[in-house]
Amino acid sequence: MAQKPSIPKGTRDFTPQEVAKRNFIFDIIKTEFKKFGFQAIETPSFENSDTLMGKYGEEGDRLIFKILNSGDFLKKADESAYADKDSLKLTPSISEKALRYDLTVPFARYVVQHQNEIDFPFKRYQIQPVWRADRPQKGRFREFFQCDADVVGSDSLWQEVEFVQLYDSVFSALKLDGVTIKINNRKILSGFAEVIGEQDKLIDFTVALDKLDKIGEDGVVKEMLAKGIAEEAIEKIKPIFGLQGDFAEKIEALKSILSTSEAGLKGIEELEFIQNAISEMPLKTAKLDLDVTLARGLNYYTGAIFEVSAPEGVKMGSIGGGGRYDDLTGIFGLKNMSGVGISFGLDRIYLVLEELNLFPEAVADDVKVLFVNFGEKEALYAFKGVNALRAEGINAEVFPDSAKMKKQMNYANKRNIPFVILAGDEEMAAGEYTLKNMKTGEQDRLNLKDIIAKIA
RNA sequence: GUGGAUGUAGCUCAGCUGGUUAGAGCGCUGGAUUGUGGUUCCAGAGGUCGCCGGUUCGAACCCGGUCUUCCACCCCA
C-alpha cells in the first residue's frame, strides 16, 4: 500500500446504488427494444485494426485505443517509421488490434460475416461498452455504454417512423419528459450544397451549419468563408438560418429553397412521410422537430439523421443519435444493404435523470429482511427462517456475527432494510419470530407463514 | 490534440502578506444503553496538504513539471 491506487482517466467505478440506477435504465431500454422486435447480439471488445481504422475519419482514427501486439513487438516494427518518429506510420506494425469505438461498425462486420444465417430485414440491438481516447469532460468518458438498435435490409421509411416511436417509448418509460427528437435528412443538406453550387464542400458546409445554435449566424458565415465557400453562395442560403415555425411550415419554406435540387426535394418527401405518419400516431411525451442545421454524425449517413436533446435547461450534449446509411456493409464487401439505426447514451441519460431527480425511490432490489443474530442456537433458528423466506423469493439475510444489538440494528438502518426479525429463547419456544417494521417501529410475534404473507 | 481552471480527513470545505504541533461540519469507531436502529450527550481514531522537483533559514501557501477532475475548442453518446 505504498501508493494510492487509481483508475485510468475517463473510467469509473460504480457503487451498488449506481449499478442499480444504471440497471433501471438498461432494463427499460431493453424492454422497449424487445417490444419493438429487436434481437440482442454481442461482439468482441476488440476488433482487428483494419475493421475499425479509417471508418470514422481522421479524427476518429486518433481516438481509437490501439492494443500493443503481444510478445516482442519491436522486432516487427517498421524501422524507418520508428527512426523518423512517425507514430502514424509506426502504429500498424506494432498494433494489429483495437478496442471497439462504437457498435455500428462491428455490427456491419457482423452482418457481412453472418449474412447467410441472417433473416433479413434483421433488427438487432446491442448494449455494450465502447472506448474512445478522448479528453474527458462532463458526460464524456473514455469508457461508456452505447445502446444501439439498427435494422438492415430494408429501405422502408416505416423504419424511420418506428425509430421515432422507439425513442418516444423509451423516454416516456423513463419518465423523462420534454426531450426533443431532432430530425434532418442528408439529402436536404446535399440539396443546400447543390443549390449554392458548392457540392465539393458539403462536409465543411454542414459542419459549419451544425454550429448555428452555438456560434450564431455570424459565426457560421465566418467559418464558411474561412473554408472557402463563396460569399454569394452563403448569401443565397441565408434563409435557412432563420427557418421558423412548426414542422409543416419549415417543410413549405424548404420546398421553395430547394426547388431546383432533385436530391433536396427527395429529402423533403422523406421527412414529410415521417411527419405525416407521426401526426397520425401522436408521440406520448417526446417532441419531433425538424432541424436543418443538424448535420452531425458520421459521414456515412445518407438519409435521415436523428439526434435527441435533453429537456430544456439541462446542460448536456445529445443523449441519443442515429440515422440511415444506405451502404453500411459496402466497406466490408456486401453491397446494397441499407441500414438505419439509433443509439442511446446510457451514461448521459443517467446524468440527466440524476440532475432532474427522476430515479424512482425504490430502484435497488435491496434486502427486505435482516435476521438479528443472538448466538449459535439462535443463528440456526434464524437461518431456518431465512431459508423459508428465500424460498418465497424474498431477499433476506442473517447477520453473520452475534454482534451487539445496536450494531445489527444500525446495519439494517444504514442499508435501508425495511424489516428486521428477532428470535431468541421465547420465540424459539413458541415456534415464532418477532417481526419489526423499521419505518413505523411496530413489532409482532408471528409464525413464518404470517410473516411471508405480511411482507411478500 | 490545443488553451484555461482545479486538487487540504471517507465527504463538503476553512486555513490571513510563506512562520511552531494543519482546523470545522458531516460521516466513522467506542461508551451512556449487555433483546431494539433513527434523536441526544460524552470520548476517540483518521491527513506523506494529488505526486515529483525547485526557491527559501522555513512551503498547504511561491515557481516548474506531472497526474486527476472540470471548462472552452476539436469531435462526440
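This is a predicted model, so every value here is computed, not measured. Labels below follow one simple rule: chain letters A, B, ... track the order of the sequence lines, proteins then strands, and each chain is numbered from 1.
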Inset, instruction - Identify whether any heavy atom of A/Gln137 sits under 4.0 Å from a base atom; if not, whether one sits that close to sugar-phosphate; answer base, sugar-phosphate or nothing. - result: base

Inset, instruction - Classify the side-chain pair A/Ser172/A/Thr285 by whether it contains a donor and acceptor separated by less than 3.5 Å. - result: yes

Inset, instruction - Quickly work out the A/Phe399 CZ to B/G37 C1' distance and round it to whole Å. - result: 12 Å

Legend entry - ring centroid sep under 5.5 Å plus plane angle under 30, A/Phe344 with B/A77: no

Inset, instruction - Examine the base of B/U2 for any acceptor or donor lying under 3.5 Å from a partner atom in the side chain of A/Arg135, and report the outcome as yes or no. - result: yes

Inset, instruction - Remember a base hit wins even if backbone is also touched, and classify A/Gly322 as base, sugar-phosphate or nothing at under 4.0 Å, heavy atoms. - result: nothing

Inset, instruction - Nearest whole angstrom, please: distance from the P of B/U2 to the CG of A/Asp134. - result: 13 Å

Inset, instruction - Pick base, sugar-phosphate or nothing for A/Lys211, based on heavy-atom distances below 4.0 Å to the nucleic acid. - result: sugar-phosphate

Inset, instruction - Indicate whether the side chain of A/Asp150 and that of A/Tyr125 have a donor and an acceptor atom separated by less than 3.5 Å. - result: no

Legend entry - Counter-base of B/A24, judged by Watson-Crick or G-U geometry with both distances under 3.5 Å: B/U12

Inset, instruction - For A/Asp425, report the nucleic acid contact type (base, sugar-phosphate, nothing); a contact means any heavy atom under 4.0 Å. - result: base

Legend entry - A/Phe144 CZ - B/C75 C1' separation (whole Å): 11 Å

Inset, instruction - Check every strand shown and say whether A/Ser343 touches a base, only sugar-phosphate, or nothing at a heavy-atom separation below 4.0 Å. - result: nothing

Inset, instruction - Among the candidates B/C70, B/G30, B/G35, find the nucleotide nearest to the side-chain atoms of A/Thr434. - result: B/G35

Legend entry - Minimum-distance nucleotide to A/Arg132 side chain [options: B/C71, B/U36, B/A77]: B/A77

Inset, instruction - Scan A/Glu427 against the nucleic acid and name what it touches under 4.0 Å (heavy atoms): base, sugar-phosphate only, or nothing. - result: base

Legend entry - Identity of whatever pairs with B/A59 - Watson-Crick or G-U, under 3.5 angstrom: none

Inset, instruction - Give a yes/no answer on whether the side chain of A/Lys9 brings an N or O atom under 4.0 Å of OP1 or OP2 in B/U68. - result: yes

Legend entry - Nucleotide opposite B/G1 in a Watson-Crick or G-U pair, distances under 3.5 Å: B/C73

Inset, instruction - Grab the CZ-P distance between A/Arg22 and B/A77 for me, whole Å please. - result: 17 Å

Legend entry - Residue-level proximity of residues 411-422 of chain A to RNA chain B when a heavy atom falls under 4.0 Å: A/Asn413, A/Lys414, A/Leu422

Inset, instruction - In whole angstrom, give me the gap between the C1' atoms of B/G50 and B/A5. - result: 16 Å

Inset, instruction - Name the residue closer to the 5' end of RNA chain B, choosing between A/Arg62 and A/Lys404 according to the nucleotide with the nearest heavy atom. - result: A/Arg62

Inset, instruction - Salt-bridge test for A/Glu426 and A/Arg445: reply yes if a basic N is under 4.0 Å from a carboxylate O, no otherwise. - result: yes

Inset, instruction - Using atom CD of A/Glu223 as one end and atom C1' of B/C74 as the other, report the distance to the nearest whole Å. - result: 11 Å

Legend entry - Interatomic distance, A/Leu88 CG vs B/G1 P [rounded to whole Å]: 13 Å

Inset, instruction - Specify the separation, in whole Å, of atom CG of A/Asp444 and atom P of B/G35. - result: 21 Å

Inset, instruction - Please state how far atom CD in A/Glu143 lies from atom P in B/A77, giving the value in whole angstrom units. - result: 17 Å

Legend entry - Electrostatic pair A/Glu162:A/Lys123 at N-O distance under 4.0 angstrom: yes

Legend entry - Short side-chain donor-acceptor distance under 3.5 Å, A/Ser80 and A/Asp78: yes

Inset, instruction - Return yes if the base of B/U36 and the side-chain atoms of A/Gln408 contain a donor-acceptor N/O pair under 3.5 Å, otherwise no. - result: no

Inset, instruction - Check whether the side chains of A/Glu432 and A/Asn447 place a donor and an acceptor atom closer than 3.5 Å, and report yes or no. - result: no

Legend entry - Donor on one side chain, acceptor on other, A/Gln126 and A/Arg124, under 3.5 Å: yes

Inset, instruction - Taking only the side-chain heavy atoms of A/Lys406 (C-beta and beyond), determine which of B/C74, B/G38, B/G3 contains the nearest atom. - result: B/G38

Inset, instruction - Once you apply the 3.5 Å cut-off to both distances, tell me the Watson-Crick or G-U wobble partner of B/G18, or none. - result: none

Inset, instruction - Classify the nucleic acid contact of A/Asn410 as base, sugar-phosphate or nothing, counting any heavy atom under 4.0 Å across all strands shown. - result: sugar-phosphate

Inset, instruction - Identify whether the distance between the nearest side-chain nitrogen and carboxylate oxygen of A/Asp444 and A/Lys436 falls below 4.0 Å. - result: no

Inset, instruction - Look at A/Glu143 together with A/Arg132 and state whether they make a salt bridge at an N to O cut-off of under 4.0 Å. - result: no

Inset, instruction - Would you mind telling me which residue lines up with the more 5' stretch of RNA chain B, A/Met438 or A/Ile319, judged by nearest nucleotide? - result: A/Met438

Legend entry - Sugar-phosphate only, base, or nothing, as touched by A/Gly320 at under 4.0 Å among non-hydrogen atoms: sugar-phosphate

